[in-house]
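Written below as structure tokens is the structure these notes are about.
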Amino acid sequence: MKALQFNVTVPRFIAAKALAAFLGRRVFYQGPLRTVRLAEIPEPDPPGADWVKIRTLACGFCGSDLNLICLHDSPTASPFTSFPCVIGHEVVGEVVEAGPEAGEFAPGDRVAVNPTLSCQPRGLSPLCPSCRAGRPGCCENFAEGTLPPGLFIGICRGLNGGFAPYLTAHASQLHRVPGELSLEAAVMTEPAAVAVQTVIDNPPATGEHVMVIGCGVIGNLIVQTLRAFAPPCHIAVIEPSPFAADLALDCGADEVIPVADVFHRTSHSTGARIYKPMLGKPIAMGGFHRIYDTVGRGATLNLSLRLLTAMGTLSVVGIGRDVKLDLTPTWLKLQTVRGVYAYGFTQWDGRQRHVFDIALEMIRRDEIRAADLVTHRFALEDYRRMIAVNIHKNRHRAIKTMVVFAE
Ligand SMILES: [Zn+2]
Ligand SMILES: [Zn+2]
């Protein structure tokens with residue numbers, strides 16, 4: 001079968017980066033230095049009795065897939081990746097083969113796959129402290145156990161990601177998709193779970209002012225999640241694309257703040273007083289109680305700290321290259337900066353639930369309008385066009401793009 005495979009070596013990394021400076025990012029998916037290609041690989045077999053084989057129905061393309069292909073990731077996470085690997089971690093599929101210990105799952109079941117490769121899929125016992133605490137997203141064993149290194153499927157040499165017609169998954173990675181959900185809605189489960197976990201970990205109180213920076217897929221889903229289960233709060237967003245900004249307003253944001261006018265508008269919106277230092281950018285006293293930065297660049301993180309109120313919390317949702325931070329506001333205003341990665345278990349409706357199941361339930365109830373965010377569908381063979389659309393999202397009015405596999 002044909003699958004979308006990523007691979008790179010150190011010499012090719014250096015050459016591709018140098019060439020991209022002149023020719024642009026197309027060198028990463030076209031021509032001799034490309035990092036992805038359609039490779040012929042064998043159909044996978046479940047590696048254990050508690051594993052299943054899945055026929056892929058659809059897989060979403062994530063911003064992190066683009067970062068991987070364009071060699072934009074920080075090398076810090078490289079001990080927890082291995083390649084060549086089949087990419088894609090927003091997977092919906094149908095179980096076609098279930099091992100005798102795969103629990104409740106049987107052929108014909110439609111499932112969303114939690115991509116995290118934590119202690120359980122890695123066959124490790126006892127579980128690490130994070131997995132024991134119900135937060136397998138920050139498992140300590142991403143480079144241990146029976147599988148090659150990999151935080152999740154899509155960056156692990158030993159298991160296919162979702163840009164392949166078939167993959168295998170451990171039973172603990174599976175979440176049943178309600179029958180009435182469309183493929184478009186179901187494929188949004190993984191990004192919706194990121195947004196739900198973000199809000200659970202940094203929940204606003206009634207009447208607070210919050211800001212979402214970047215309203216692509218994750219930012220938009222954070223706005224929707226805030227509206228669905230946070231108490232009434234004021235939501236401001238920063239989003240340069242008019243198309244994405246309008247969609248954020250439509251999904252529950254109160255205002256879009258232009259970045260050029262951000263200090264004045266913050267003052268107007270939150271009542272903050274703005275002070276101008278001898279040098280450099282202004283700083284707010286007062287400001288936003290919670291900021292969710294889905295971009296994670298130096299400019300947005302520094303801006304966040306300057307706009308965040310005393311004892312406010314900044315959620316770092318997006319991540320990219322290393323950044324230079326002025327931590328003076330954090331020091332002066334006792335702010336908390338917390339990371340957001342993946343998802344785990346939480347108390348919900350009186351019982352312990354996985355955030356994937358909460359996201360699926362919110363999508364089913366239409367509290368998260370997930371399918372509305374899917375703007376483009378492609379066949380796997382058209383992957384180059386899909387990557388190009390993701391590089392120029394504004395031009396193509398793209399939010400979420402996905403590959404749909406033939407029935
Ligand atoms: Zn992702
Ligand atoms: Zn673990």
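Every number for a ligand or one of its atoms is a count from 1 in the order of the listing.
Thr346 and Gln352 are not linked by any side-chain donor-acceptor pair at a separation below 3.5 angstrom, with hydrogens and angles left out of the test. Judged purely by distance below 3.5 Å, without hydrogens or angles, the side chains of Asn202 and Arg290 pair a donor atom with an acceptor atom. Side-chain contact check for Thr401 and Asn390: at least one donor-acceptor pair (N or O, by modelled atom type) lies under 3.5 Å. Side-chain contact of Tyr341 with Gln197: a donor-acceptor pair under 3.5 Å is absent, judged by distance alone.
At most 12 heavy atoms of other shown residues, nucleotides or ligands fall within 6.0 angstrom of atom CZ in Arg397.
Salt-bridge check for Asp250 with Arg369: passed, with a basic side-chain N closer than 4.0 Å to an acidic carboxylate O. Salt bridge present: Glu40 and Lys2 bring a charged side-chain N and a carboxylate O closer than 4.0 Å.
With sequence neighbours excluded, no residue forms a side chain to side chain donor-acceptor pair (under 3.5 Å) with Arg132.
Screening residues 81-91 for side chain to side chain donor-acceptor pair (under 3.5 Å), with sequence neighbours left out, gives Glu90-Lys400.
If you count the protein N, O or S atoms nearer to the Zn ion (ligand 2) than 2.8 Å, you get 4.
Below the 2.8 Å limit, the Zn ion (ligand 1) has as protein N, O or S neighbours Cys62 SG, His89 NE2.
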